[in-house]
Undergrad: 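The structure is given below, and queries will be raised subsequently.
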Amino acid sequence: EADPQDHRFSLQEVLDSFKLCLSENKEVYLEHYVSGWRGLVKFLNSLGSVFGFISKDAVGKINILEGYLEGDNSSQYATIQLMVKYELDNQLVDLTKRGNHPESGCRTLLRLHRALRWLELFLERLRVSGQDEKTSVMCADAYNQSLSQHHPWVVRKAAGLAFCVLPGREAFFQVMNVGSAEQVVSVLGEAVPLISEVYQITETLYAEQQLLQLP
Ligand code: 1PX
């Protein structure tokens, strides 16, 4: 029997993963990046089946990356920096159109990376929000400022509908499992800069290698 605790989301757990993500010389450990996302998916799953299509896509991508981490070339996937170099050096990335490598680590991670920007914006909005603000509006604003530009109309529409059934701010804070609203705000204050740093490092790396538009 699986421990039910294991299915319970804790924002602290996600925070811990993102803390472990950065090496001393600011490389991003893929293992902890992926486990941060696993934690976030737990949260999403605890919000109900309406979010199933989002969590399914995220899990698919997490599983692809985990496959590389456990595969024959796992040492090449220890950090995002190594992964990018390894896949590019070995022509394992479809650069301009989808071809032989539709599941490259580079293109798969890029999708999560774009979603991480949404997360950063959303969590910052939550952090500074007042009691009466709607999570659905904060979530939609963050999405429209970031991830939505990479999604076709149907996905934007479906996402918009899902946002409408998000629980209110208070219930949302409870699902985070870190205690009082003040404690949530304080953990967010720690989480947002960390997520932001991981995002920026990845963004710079992808920009340098011209990988930001991978198909
Ligand atoms: C403490 C609060 C934390 C809240 C955590 C919520 C975690 C959300 C995880 C979202 C992960 C989304 C990954 C999306 C990746 C993606 O853009 N995929 C698309 C492109 O992939 P492809 O392989 O086709 O190139 C794909 O088409 C996506 C389909 C699913 C719809 C994605 C909608 C994303 C909305 C993000 C907001 C989630 C709302 C959660 C509310 C809390």
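Residue numbers count from 1 along this sequence. In listed order, ligands and their atoms are each counted from 1. Heavy-atom basis, side chains included; hydrogens, waters and symmetry copies ignored.
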Undergrad: Looking at Arg117 and Glu203, is any side-chain nitrogen of the basic one under 4.0 Å from a carboxylate oxygen of the acidic one?
TA: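 A salt bridge is absent here (no side-chain N lies under 4.0 Å from a carboxylate O).
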Undergrad: Give every pair formed by an N or O atom of ligand 1 and a protein N or O atom closer than 3.5 Å, one pair per line with both atom names and the distance to 0.1 Å, or write none.
TA:
unit_1   : atom_1 : unit_2 : atom_2 : d
ligand 1 : 17 (O) : His151 : NE2    : 2.7
ligand 1 : 18 (N) : Asp57  : OD2    : 2.8
ligand 1 : 21 (O) : Lys61  : NZ     : 3.2
ligand 1 : 23 (O) : Lys61  : NZ     : 2.8
ligand 1 : 23 (O) : Arg107 : NH1    : 3.0
ligand 1 : 25 (O) : Arg107 : NH2    : 2.9
ligand 1 : 25 (O) : Arg111 : NE     : 3.0

Undergrad: As a quick check of understanding, evaluate side-chain contact (heavy atoms from CB on, under 4.5 Å) for Tyr68 and Gln76, giving each step before the final call.
TA: CA-CA 9 Å; Tyr68 292 123; Gln76 312 281 4; over 6 Å; no
Undergrad: Determine whether His101 and Glu87 satisfy the following criterion, side-chain contact (heavy atoms from CB on, under 4.5 Å), listing intermediate values before the conclusion.
TA: CA-CA 10 Å; His101 306 288; Glu87 289 195 343; over 6 Å; no
Undergrad: Under 4.0 Å between a Lys/Arg side-chain N and an Asp/Glu carboxylate O for Lys85 and Asp89?
TA: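 Yes, Lys85 and Asp89 are salt-bridged.
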Undergrad: Would you kindly say whether Gln183 and Ser180 are connected by a side-chain donor-acceptor distance under 3.5 Å?
TA: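 On atom types as modelled, these side chains qualify, holding a pair under 3.5 Å.
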Undergrad: With no hydrogens and no angle check, do the side chains of Gln145 and Asp141 hold a donor and an acceptor under 3.5 Å apart?
TA: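 No, Asp141 and Gln145 have no side-chain donor paired with an acceptor closer than 3.5 Å.
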